[in-house]
Structure formats: structure tokens, C-alpha cells
Amino acid sequence: MRDKELLRIALRYRAIYLDIDPKEIDLETKPTPAVLAFVARLRENGFSVNEDLLHALCMVSATELADITAVIDDVMGVKLNWATLVKGWNVPTGETRADHLITFFANLIGGAKAGLEGCTLPCGCFIPEGTFPLERYTGCPFCGTPFTTANFVYKGQASKLKELRLFTEEDLKQVYHSLLASPTPLDATQKDSFEKLIDIYGLPDNVEISMKETAMLAVKHLVANGQQAQAQALLKTPTDILRYLWYEKTGYVQIIEPRTLIAQARRFYYHIFGPLDQSEYAGKEMKEKLKLKYNRKHCQCVASWINNLALSPQQATENMNAKRGMWVRMIRALRLGEYSRRKGYEHLADILDAFYRQEQPTWLGILQQARNNRDTQTVLQMLKQRPGLFARSLFATMLRFGCEETMEAFEQVTDQMPSRLLLSLGNAAEKYFDPDATRTAHPITGYTISISKNKLLSLYSPADLRAMVARVKQCYILSLKHSFAAQATKAKSIYIAPSLFDIPISVGDRSATIQDTSCALMGTRFPVEGDAVRLFLQWGKGLHAQPLDMDISCHIAFENGKTEDCAYYRLKATGAKHGGDIRAIPEMVGTAEYIELSLPELAEAGAKYVTFTANAYSCGALSPNLVVGWMNSAYPMKVSEKTGVAYDPSCVQHMVRISESNLSRGLVFGVLDVDEREITWLEMPFISQNIQGCDFTAVNALLQRLRNKLSIGQLLEIKAEAQHLSLAPSPDEADEAYTYEWALNPAEVSALLNM
């Protein structure tokens, strides 16, 4: 089990884990028949191996190779059901809305019992004669229940293979330590890897964890193993303790207010068809779920954590005030008042006394009063005391108190801020100071909202606003150069892979999907080799047969302003074909939907962009373990005329899996630029039962924001300039080599900003 988990993690970094000593690899060894057969199986799944891995495979047994093959087949979903509703769906069935309407009324009046001619299907639906061509379907075309599953997929049609490299124990430990030290929040893929690695390797002694959210995962591990006392070192403020308690309660490492979770549950279980609407029930159920109940052991543990905090009662109280309402509930549920009266808990008693008395004015209260009084000097002096807050309120402060004075004060504390924070300011400045730009926010509650512009923008001329943007960018670039220049290095040359200039730095982007076959950063652009892109959606793995309706759709935007959707309600659109709408899943193996896009047809019709989306039409969020992505090959890809299977793991260009903690009902997962023939992977959640509820203005705003971000390649160019490194033409000729494989570990990329 341990080796299988490590292998799954290694695959995310385009590698295969082998429990061997790399020093013992014999580069003269000829591959055995078992190794050659294993490599052939890899090719069927779209993978090849580099030379080091090929020789390393000769050191493991045939049984181990078979186990690795089984894991890769499982990750790629080879054993799942990939049959769709329509046989040979690349040829449209010709069904119309009239067919659905006639069938609806035929079932309403009794079907065959009413003397109508037609066929009653195993699901109980009556299909009148002359409506749907039943010979073209693998299930019921009216209710979307599948009757057929397929136990095969196509293999080996890909025109391009993804090369795998060797990972050993040391490589995985390096990944683990990079996750521990990551200066940016871990995305869902990294979080999943971290939880597996900490269970295997444990938590190192005296470890410094940069991110609070990562620390919560470590605290959970320590508490689960009975090491509550050791967890104290990671819980330095009352907010840290509250974060852990709420993570333990809800599964989210961010502190989400109870009222937000209740409102979110109502939104998830709303249904456009009234009788199926469960929103009120879901809200009440969530409210009941969030009730706090703790046993004595847990209460004493938390009381000890708070009692041992190295903060004064006033400091602790100020830290607690931001979530005062939640703390009042926690104090009661954890019986902290009772423990504060016990001997040895005097510090806890002082903290609770200060919390309830509220005698001292808070720092934020004093700051707000100074803002209201337009006391510029007091505001700037106070903000310099808390550089992180200064950075988060920089733009608004510039507009309210003036650019020059604010930036002069800000530049005095930039050396106290992490580079990632400055970089995020540089990325956001252009949008913020543009009165006509659409700004978006992506709350952790699973939807995207548009933000109105700051009213103070109207007080400044376009030239003034451009000057503010330039000043912010100048500040963060100079800071980056100073940070890189301060680093000691013996390198004289550097190699920067060209593909890194197409990958934006992941700062401020939270990914809630798990990537089992790669760790591409949001905004990565994938070139399209062939004339067809095939979208796929697979859901229901491990679930019993039941109604569960997930939908894959796409939105086509044309140069003339016209738009079209290809979805369950329109199976044929310009340059797009849908494989049929399935609304129920078979037993344990799940089911699939597809859309195929024809680039020549789209280009001829004047299509500009195609946006890919997945939605939960059923009540609730997207189904856990749902897999969505796209396939691409320079050669034509087959569609089964018997089962509609159109999946080939070797053709998969990118795919993601919905995590258990997903908070999204809809997901935009890619945008195809028809003219450039490239797909940008992005992750934009939204709350809607179908694609019509997606805000495509927000999609365009996110896409533009990602493309305007500083790329990894540009960041490395700044590093090269600051450290006087010459650019090398190949990795072998460079002292420092930054390749696409290196960028597959976002934590390693983020480490560039950990200065």
C-alpha cells in the first residue's frame, strides 16, 4: 500500500517511483522481456520512459511491474465504464425537442396501456413509434438511464507521448519538504500529496511551516497520532486554534462563517424544477451539522493550547475579535470558562477576562478612526507596523491618501514582506486601476463574483492611474531583483525552458481539483496538434446505481458577437457534437459524456473562443471523484459504433479530478483559442445547474488576468539579470537548469518567491 501511494504521488510529477538505490543502476543492462512488455503497456496509456528509468526498471521484479501497471490503469480510469448514451455519436441521431415533448405526453397518458404504438424500455419509459431512433442508443433517450456498460477503452491512438522519469525515496522526500516549506497555499493536488506523505514519513522535528493552512494539516496528523502537546508549536495564536477546530469540523482549512456555509448549502440544493428543490432542507441540515459538541478530553486539550500561548491577554483578545461571534460559541462548547477556574490555567482566565471585558481599543479600531479623520501620517505609520495588511490595502490607500506619500511609506517595509505578496500586487495593479476593467473574486465557497470598481478612481485622470500602475510594478520588480541579488550563488549560467514563458506564476490561485497525471499550474497553455479536441466527463466511480446527473457543455463565441452552446439541450452546434445526456449512473463503474470539437469547422464559421464547463444538474455539488478533461491527437480518434466509447488514455492532454472537499456546482476547466489552436487550463467555479448560468464576462476577465501575470520564464529572467547569469542553450550546458519537469512541482516554483 505504501509503495502504491508513493507511485500515485510520483505520477503527478511525470515520474515512476521505484524502491531502489539509483547508484546501483547499470546503464549497460539490456531491457528484459518483462520490461519491454511494461513499456508497451505504458505506451498504450500515453507514456514513454527516459533512459535512466528504462535501465532502473530492470532492477525490479515482473510482479512489481504488474503492480505499477495496475496503479497507472486505475489513475487513467481504464477499468471504468466509458460508454455513452448514443452509439457512434459522431453521427447525430437527429433527435429533436419535439421527440421529447411527444414522449412526455405519451407517458403522461399511459403509453402502451392507452393503445399507443411504441416500445416500453427497462427503465419504464414508453417511447412512441416514430420518435427516437432506439437502435442508436445504449440507454433510454428520454430519461437518460444507461442500459449498457463497456469494459474496454481505445488505446495507443496518441501522436505524442508524455515522458516519465525515475523517482526514488529521496526525490519524494524532497517533494515532501518542498510542500512543508511552500510559501503559497497548497492546492488540492498538493494537499492530497502532503496528507499521504506526512502519514508515511511523519512530521520532522523543529520544522518551520510557512503557511497556516499547511500547518493545520500537520496539526491534524499530530492530533490523530496522540501528539497534542507537539501540536502546540504550530498553534501560535487563538486564530490558529480556531482554524484547526473549524477544519476538524468542516473539512476546510479556511475559516468559513457558519452563515456562509448554510447559505451555500441552500444554493447547492436549489433546483429549477420546484418539486426537486431541497434548498430549505439542506440549510436546516447544515445548521444541525455545525452544532458544536466536544468531549472532556478535547476540551482540556484546547484549554491547554490557549493557556500555553505566548501572547499577552490583550494581544490574544485582539486576535480573537475578528471572529468574535465564533469564539463565543467555541468558548461555551469547549467549557473554557470552567477550565479557566482550575489551578494552572491562570493565563486562560486572563485571556477570557480580557475577551469579555473589551476594555482596550483594538489596533484595527484605532486605524479605522485615523482613516475617518483623514490622519494620513497616523494611518501610514500604523500600516508600517503590519506590512501584510499594508500590502492588502495598498491600492485603496494610494487612492485615498495619494500615490507618492503612500508608496514612500510602503517601500520602507517591502524588505519585511515575502516576494509572493509583492508579486501578487504587481499582477493585480493593472486591473485595479483600470476603471473599465472587469474585476473578479473567487471566494472559497465555490462561485465567482464580479467586484465593482473603487469609486475614488473617478477622481484621477488616466495618466495618474497609469502612473500608479507603473509605480507598483517598479516597486515589486526592484524588490525581486534585490532579493535575487542578495542570494549567494556559484552558478554562472542558467537554462530556462521556452515552455516556462507560457506558465504564469501561481500566486493567489486556489485550485480545488486534483491532478493525478500532472501538476500543471492554472493558466498553462496546451497546443492542439490535431483538428479535433474531445472533451470528456466521467463520474459515479464507486457509487451504487442511482439518479445522478452531471453535464459537460461548451460555449462557443464567434467574432461577430454570436454565441452557441453545445449541451444536453442542444446536442449539435456549429463545430461541436455531444454524445448524449446521461442522468443516472450504473453500479460502481460510473458513466461518461463527451463533446467533440472540430477546429476546421469552428475556424470556418468564425469562432473565436470555446469555453469548457462541467455542471451538477442534480442537487448538490459536483460529484466527488468526477474526472473531467480533454483529449487531443494529430491522428483521428475513434468512436465505438456499438457502445459510444470514445476514451483513449493515451490521447488525454489534461484531466483533473474533483476533490472530496469541492465547493462548486459548476466548473469552467478550459478555454480553446481557435485561431491560436491552444487550450488554456483554468479553474473557475460557479453555481448553476447548466452552462447558461455561467458568467462569461468573468471567464474572460480571469483568462486575461492569467495571461497578464508574470510567467515563470519572466521571473527566471529577472533572477538571471540580478545574479548576472548567462543564458545557456540547453540544460546540459547550464549550471542551473529550469525545465518543464521542474515546473511540475508548484512548491518548487513557489520556493523562488520564498525570500
Side-chain angles (χ1 to χ4, degrees), residues 9 12 175-198 203 207-221 234-237 239-240 242-244 246-248 250-256 260 322 387-389 391-392 417-428 440-446 448 503-515 519-524 656 658-664 681-685 702 705-706 709-710 712 715 743-755:
I9 295 169
R12 294 170 180 173
V175 168
Y176 177 43
H177 288 289
S178 71
L179 295 175
L180 278 168
S182 174
T184 57
L186 302 183
D187 60 27
T189 307
Q190 295 171 303
K191 178 174 174 280
D192 185 71
S193 297
F194 180 83
E195 289 177 322
K196 289 180 170 65
L197 290 170
I198 196 172
L203 189 67
V207 65
E208 286 291 332
I209 301 179
S210 303
M211 290 304 304
K212 296 293 185 184
E213 296 173 15
T214 308
M216 294 307 104
L217 305 179
V219 171
K220 178 185 176 183
H221 168 80
L234 300 174
L235 301 170
K236 299 176 181 178
T237 68
T239 299
D240 293 343
L242 179 64
R243 186 188 296 273
Y244 169 70
W246 207 237
Y247 168 49
E248 185 183 52
T250 65
Y252 305 119
V253 290
Q254 302 86 15
I255 302 175
I256 308 176
T260 304
L389 181 61
R392 289 190 291 275
M417 301 180 196
S419 297
R420 62 181 173 83
L421 195 53
L422 296 172
L423 182 60
S424 65
L425 289 174
N427 288 334
T440 58
H442 308 280
I444 53 181
T445 46
T448 300
I503 306 175
I505 294 287
S506 181
V507 174
D509 298 323
R510 292 180 183 271
S511 175
T513 58
I514 297 176
Q515 303 176 55
C519 285
L521 295 170
M522 195 191 304
T524 300
V656 296
I658 300 299
S659 66
E660 295 285 346
S661 60
N662 172 64
L663 266 178
S664 174
W681 176 68
L682 51 82
E683 183 178 320
M684 195 194 90
L702 174 60
R705 182 171 69 83
L706 289 170
K709 275 190 169 188
L710 190 76
I712 297 175
L715 179 64
L744 288 174
N745 184 356
E748 287 287 346
V749 177
S750 298
L752 285 173
L753 303 173
N754 192 17
M755 301 174 284

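Computation of the quantities below employed the complete heavy-atom set of this structure, encompassing side-chain atoms and omitting hydrogens, waters and symmetry-equivalent molecules.
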Practice task
Could you tell me the separation between the CG atom of Leu421 and the CZ atom of Arg392, rounded to the nearest 0.5 Å?
Solution key: 7.0 Å
Exercise for the section: Please tell me if the side chains of Ile209 and Leu234 come closer than 4.5 Å, counting only heavy atoms from C-beta onward. Expected result: yes
Handout entry: Between CG on residue Leu242 and OH on residue Tyr247, distance to nearest 0.5 Å
Key = 15.0 Å
Problem - Thr184 side chain reached by Ile505 side chain, heavy atoms, under 4.5 Å - result: no
Fill in the blank from the handout: Of all heavy-atom pairs linking Pro183 and Ser210, the shortest is CA-CB, 4.2 Å
Problem - Results of side chain to side chain contact (heavy atoms under 4.5 Å, CB included) for Thr239 - residues two or more places apart only - result: Thr237, Ile255, Asn319
Exercise for the section: Mark yes when over 12 heavy atoms from residues, nucleotides or ligands other than Lys236 sit less than 6.0 Å from its NZ; otherwise mark no. Expected result: no
Completion exercise
Smallest heavy-atom separation, Leu425 atom then Ala391 atom, equals CD2-O, 3.3 Å
Problem - Evaluation steps, side-chain contact (heavy atoms from CB on, under 4.5 Å), between Ile198 and Leu217 - result: CA-CA 9 Å; Ile198 196 172; Leu217 305 179; over 6 Å; no
Handout entry: Donor-acceptor contact below 3.5 Å, side chain Asn427 vs main chain Leu710
Key = yes
Problem - Least distance between heavy atoms, Pro185 atom then Glu213 atom - result: CB-OE1, 3.6 Å
Exercise for the section: Look up atom OG1 in Thr189 and atom CD1 in Ile9, then write down how far apart they are to the nearest 0.5 Å. Expected result: 11.5 Å
Practice task
Answer yes or no: are there more than 12 heavy-atom neighbours, outside Lys196 itself, under 6.0 Å from its atom NZ?
Solution key: yes
Problem - Validation row: Phe194, Tyr176 side chains within 4.5 angstrom (heavy atoms) - result: yes
Exercise for the section: Check for a donor-acceptor pair, side chain of Trp246 on one end and backbone N or O of Ile256 on the other, with a separation under 3.5 Å. Expected result: yes
Handout entry: Test item: Met211 and Leu186 side chains (from C-beta on) under 4.5 Å apart, heavy atoms
Key = no
Problem - Side-chain heavy atoms of Arg12 within contact of Gln190, under 4.5 Å - result: no
Problem - Met216 side chain reached by Leu235 side chain, heavy atoms, under 4.5 Å - result: yes
Problem - His177 NE2 to Leu197 CG distance, which is reported to the nearest 0.5 Å - result: 10.0 Å
Problem - Validation row: Thr214, Ser182 side chains within 4.5 angstrom (heavy atoms) - result: no
Problem - Heavy-atom side-chain proximity of Leu521 to Ile712 below 4.5 angstrom - result: yes
Practice task
State, to 0.1 Å, how close Gln515 and Val656 come at their nearest heavy-atom pair, and which atoms those are.
Solution key: CG-CG1, 3.7 Å
